[in-house]
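To start, the structure under review is shown below, and the notes come after it.
In this text, all values refer to a predicted model and were calculated from it rather than measured experimentally.
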Amino acid sequence: MPRVPLLGRLSFRDYAAVIFGFGFLAVESFLHVIILFLPKPVINWFYRRSRALFHHISGQPKDRSEEKKASDRILNARDFGELCSIYGYTHEEHVVLTKDGYLLGLHRLPSKKGQKKRNPGSSTGKPVVYLHHGLLMNSEVWVCLTDAARSLPFVLVEQGYDVWLGNNRGNKYSKKSIHHGPNSTKFWDFSMDDFAWHDIPDSIEHILEVTKSQKLSYVGFSQGTAQAFAALSIHPRLNDKVNVFIALAPAMSPPGLSAPIVDGLMKASPTLLFLFFGRKAILSSSAMWQSILYPPIFAKLIDKSLVWLFDWHSDNISTNQKIAAYAHLYSFASVKSVVHWFQIMRNAAFQMYDDDVLSPVVRTSVSSYRPARFPTRNIVTPIVLLYGDCDSLVHIETMLAQLPDHTVAKALHTYEHLDILWGRDVDKDVIPEVLQALEFYYDQDKESTDCNTKVNALETL
């Protein structure tokens with residue numbers, strides 16, 4: 001492929017993709033501005049027309065199943081609290097102030113279905129589990145299932161756990177800072193480094209303070225696992241506060257995207273994302289398109305995008321589940337955090353954000369420069385990996401090579417990335433594995449604590 005002289009490593013095809021990308025974003029931004037000024041009746045008209053068009057092509061809906069009814073209720077739920085109330089659970093809301101001034105929303109499920117805790121914000125005496133979402137998500141992704149038996153938080157509550165769900169800075173429940181407003185570029189100047197240095201350890205500290213527990217169990221999904229890998233590797237004392245780290249669809253150094261043009265372009269110059277999307281939130285117009293498109297159409301667009309970008313066909317997720325869950329899939333994230341992921345992919349290493357924007361072409365062939373890497377082999381906390389053997393973002397051999405020898409990995413046959421959250425059989429394939437790991441390491445930690453207590457008692461005699 002010929003290359004444009006003096007303009008770096010991009011081919012003519014790549015430059016054509018850049019020009020097309022800018023054109024598409026310009027049109028999309030223009031439509032966004034127009035829609036912002038449209039009155040509500042006009043927007044509702046577009047929604048009705050998209051619904052009519054969908055039914056004209058695919059026929060009138062005939063599904064009246066219980067799953068369809070649950071899907072409709074979840075689709076119309078506005079927030080985490082309403083999602084929980086669908087299944088009879090009462091939640092608590094907590095706010096964490098990070099050391100660098102961000103206010104993070106934490107959700108808690110302290111009581112079983114139909115029960116309400118008498119003293120909110122206090123200890124339950126139960127084992128504590130902390131769940132954390134993935135990239136471009138929030139805590140709602142854990143509870144937007146069409147069956148409570150497939151929702152990990154609800155199952156954990158019924159099994160006697162005190163369940164907490166975290167949120168990253170910038171998303172729906174954490175869009176506030178004591179230093180900068182969300183319309184400021186400085187507010188969005190964060191990457192995964194900041195999640196690791198502040199969000200995860202500060203959230204864990206708050207949870208342990210409220211519950212009066214010495215330790216908790218951590219369950220992460222996708223980027224939520226990467227944040228824990230990073231946090232545990234750079235905070236040695238944090239390992240003493242986590243008795244087990246269960247990584248669902250773990251992410252560390254993904255091989256890349258399935259769309260060749262996007263993959264090649266972003267790996268060549270990750271900072272191109274700043275040119276496309278600016279330096280604030282990425283894909284911030286998603287909520288707009290969701291509001292004017294009929295949900296099945298929106299779900300189809302998401303499906304096509306996932307196939308193109310990641311080769312995920314989501315055959316293990318029912319149509320009703322997709323329509324329900326995709327409505328709660330997107331939440332705000334910084335462009336910088338996505339740039340960070342493309343830097344990781346380009347260098348095939350789980351590294352910290354690289355502030356040096358110089359191209360590798362202008363560096364010497366000798367290793368005169370290397371971005372700092374997260375020392376993940378130093379993690380002491382027990383690690384359990386549950387990954388899909390059809391997940392294009394997981395290369396398990398590469399991942400295990402960067403983790404300590406005590407890491408346990410289990411493949412889930414035919415599972416892709418999102419299947420581990422919303423698959424039709426997660427109650428049979430995923431949740432039992434999580435419960436088994438939680439119970440095993442909780443008992444192991446309890447035995448160790450009891451043994452140490454006895455030793456200390458003997459030494460004082």
Q) Looking just at side-chain N and O atoms, do Ser184 and Lys280 make a donor-acceptor pair shorter than 3.5 Å? A) no

Q.
Would you say Asp391 and His417 are linked by a side-chain donor-acceptor pair, where the criterion is simply a distance under 3.5 Å?
A. yes

Q: Measure from the ring center of Trp164 to the ring center of His94 and say whether it is less than 6.0 Å.
A: yes

(Q) According to salt bridge (charged side-chain N to carboxylate O under 4.0 Å, His left out), does anything in residues 85-98 pair up with another residue at least two apart or in another chain? List the pairs. (A) Glu92-Arg108

Q | Ser392 side chain vs Phe310 backbone, donor-acceptor pair below 3.5 Å | A | yes

Q. Ignoring hydrogens and geometry, is there a side-chain-to-backbone donor-acceptor pair from Lys410 to Tyr387 under 3.5 Å?
A. no

(Q) Under a 3.5 Å cutoff, is there a donor and acceptor pairing between the side chains of His132 and Asp199? (A) no

Q: Please find out if less than 6.0 Å separates the ring center of Tyr87 from that of Phe154.
A: yes

(Q) Keeping Arg150 on the side-chain end and Trp422 on the backbone end, is there a donor-acceptor pair under 3.5 Å? (A) yes

(Q) Counting C-beta onward and ignoring hydrogens, is there a side-chain heavy-atom pair between Leu421 and Phe221 closer than 4.5 Å? (A) yes

Q | Test item: side-chain donor near acceptor, Gln444 and Asn243, under 3.5 Å | A | no

Q.
Is the positively charged end of Lys172 above the ring of Phe332, judged by distance under 6.0 angstrom from the centroid and angle within 45° of the axis?
A. no

Q.
Is it the case that the side chains of Gln321 and Tyr326 hold a donor-acceptor pair, with the cut-off being a distance below 3.5 Å and no angle test?
A. no

(Q) Could you check whether atom CD of Glu158 has more than 12 heavy atoms from other residues, nucleotides or ligands sitting under 6.0 Å from it? (A) yes

Q.
If you count every heavy atom of other residues, nucleotides or ligands that lies below 6.0 Å from Lys176 atom NZ, does the total exceed 12?
A. no

**Q.** Main-chain N/O of Ala196 paired with His235 side-chain donor or acceptor, under 3.5 Å
**A.** yes

Q: To the nearest 0.5 angstrom, please state how far the OG atom of Ser139 sits from the CG atom of Asn167.
A: 4.0 Å

Q: May I ask you to check whether Ser233 and Asn378 show a side-chain donor-acceptor distance below 3.5 Å?
A: no

(Q) In terms of relative ring orientation, are Phe350 and Trp341 parallel, tilted or perpendicular, with 30° and 60° separating the classes? (A) tilted

Q: Taking the side chain as every heavy atom from C-beta outward, state whether Leu208 and Gln214 have any atom pair closer than 4.5 Å.
A: no

Q: Mark yes or no for whether Arg377, through its side chain, and Leu403, through its backbone, hold a donor-acceptor pair below 3.5 Å.
A: yes

